[in-house]
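Quick notes on the structure that follows.
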Amino acid sequence: QVTNSSTQVPLGIENTETHAYRQWDVGADVSLDINALRIRTELAIERIDYDQGKLEVVFNLPGSYWPNRLIWGWYSIAAYQLPWLGLEPYLSCELYRYPTPLSEAIVVPGAGLNIHINTDVQIKSQFTRAHFFDFNGITDRSYQDVSMFATRLVIAY
């Protein structure tokens, strides 16, 4: 809502609703440990329906409005704790349907290695490659694909 001072309404304050929508969300996750194998997966779904004439501007781009939309995201990771040196290799994959000016969806496969120094300290390394695409398969979005390698020290207490 936008609030403006006005002499046309009582108390001189006028509220105008610039955008309005109904939003529904649902999510689920599963965590499974089988001996040294860890599997995690999660899915989240969101539906947004705008009220007539009250659309939201896309990333503050004038004249560009979000449509009613269904967006969702999913990820899975499988890690296996090796019996030596605290090594835990893993594979991961993420898939998002979040329509933007860049693309309709992104898939992010990855692989990494956790090194457990002790119960409170880990070194985590991961390589991922983000692939941008549209589900219709017509538009080539691959020129936006990007790779990432990251290593971080994690301390939990």
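Computation of the quantities below employed the complete heavy-atom set of this structure, encompassing side-chain atoms and omitting hydrogens, waters and symmetry-equivalent molecules.
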Determine whether [X] and [Y] fall in the same hydrophobic cluster, where Ile, Leu, Val, Met, Phe, Trp and Tyr are linked whenever their side-chain heavy atoms lie under 4.5 Å apart.
{"X": "Leu32", "Y": "Tyr80", "answer": "yes"}
{"X": "Ile117", "Y": "Leu153", "answer": "yes"}
{"X": "Leu43", "Y": "Ile39", "answer": "no"}
{"X": "Met148", "Y": "Tyr75", "answer": "no"}
{"X": "Val26", "Y": "Leu70", "answer": "yes"}

Could you list the residues that satisfy ring-ring contact (aromatic ring centres under 6.0 Å, His included) with Tyr90, not counting sequence neighbours?
none
Side chains of [X] and [Y]: closer than 4.5 Å at any heavy-atom pair?
{"X": "Arg47", "Y": "Asn68", "value": "yes"}
{"X": "Val107", "Y": "Tyr96", "value": "no"}
{"X": "Ile106", "Y": "Tyr98", "value": "no"}
{"X": "Leu113", "Y": "Leu87", "value": "yes"}
{"X": "Ser147", "Y": "Thr128", "value": "no"}
{"X": "Arg129", "Y": "Asp145", "value": "yes"}

Separation between [atom1] of [X] and [atom2] of [Y], rounded to the nearest 0.5 Å:
{"X": "Ser103", "Y": "His131", "atom1": "OG", "atom2": "NE2", "value": "12.0 Å"}
{"X": "Ile48", "Y": "Leu55", "atom1": "CD1", "atom2": "CG", "value": "11.5 Å"}
{"X": "Leu102", "Y": "Asp134", "atom1": "CG", "atom2": "CG", "value": "10.5 Å"}
{"X": "Phe133", "Y": "Arg97", "atom1": "CZ", "atom2": "CZ", "value": "10.0 Å"}

Is it true that Glu46 and Arg69 make a salt bridge, defined as a side-chain N closer than 4.0 Å to a carboxylate O?
no
Return yes when atom [atom1] of [X] has more than 12 non-hydrogen atoms of other residues, nucleotides or ligands closer than 6.0 Å, and no otherwise.
{"X": "Tyr65", "atom1": "OH", "value": "no"}
{"X": "Asn35", "atom1": "CG", "value": "no"}
{"X": "Arg152", "atom1": "CZ", "value": "yes"}

Steps toward salt bridge (Lys or Arg N to Asp or Glu O under 4.0 Å) verdict (Arg141, Glu104)
CA-CA 9 Å; Arg141 305 286 185 169; Glu104 180 183 6; over 6 Å; no
Less than 6.0 angstrom separating the ring centers of Tyr50 and Tyr21, yes or no?
yes
Run the salt bridge (Lys or Arg N to Asp or Glu O under 4.0 Å) test on Arg40 and Asp33 for me, step by step, so that the C-alpha distance in whole Å, both residues' side-chain angles and the decisive distance to 0.1 Å come before the verdict.
CA-CA 9 Å; Arg40 307 289 186 263; Asp33 294 326; 2.9 Å; yes
Whether the side chain of Asn118 engages the backbone of Asp120 through a donor-acceptor N/O pair (distance < 3.5 Å, no angle test) should be reported.
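Yes; judged by distance alone, with no hydrogens or angles, the pair exists.
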May I ask you to decide if Gln122's main-chain N or O and Asn114's side chain share a donor-acceptor pair within less than 3.5 Å?
no
side-chain contact (heavy atoms from CB on, under 4.5 Å) for Asp51 and Arg22? Distances and angles first, verdict last.
CA-CA 8 Å; Asp51 291 358; Arg22 305 291 181 278; 3.1 Å; yes
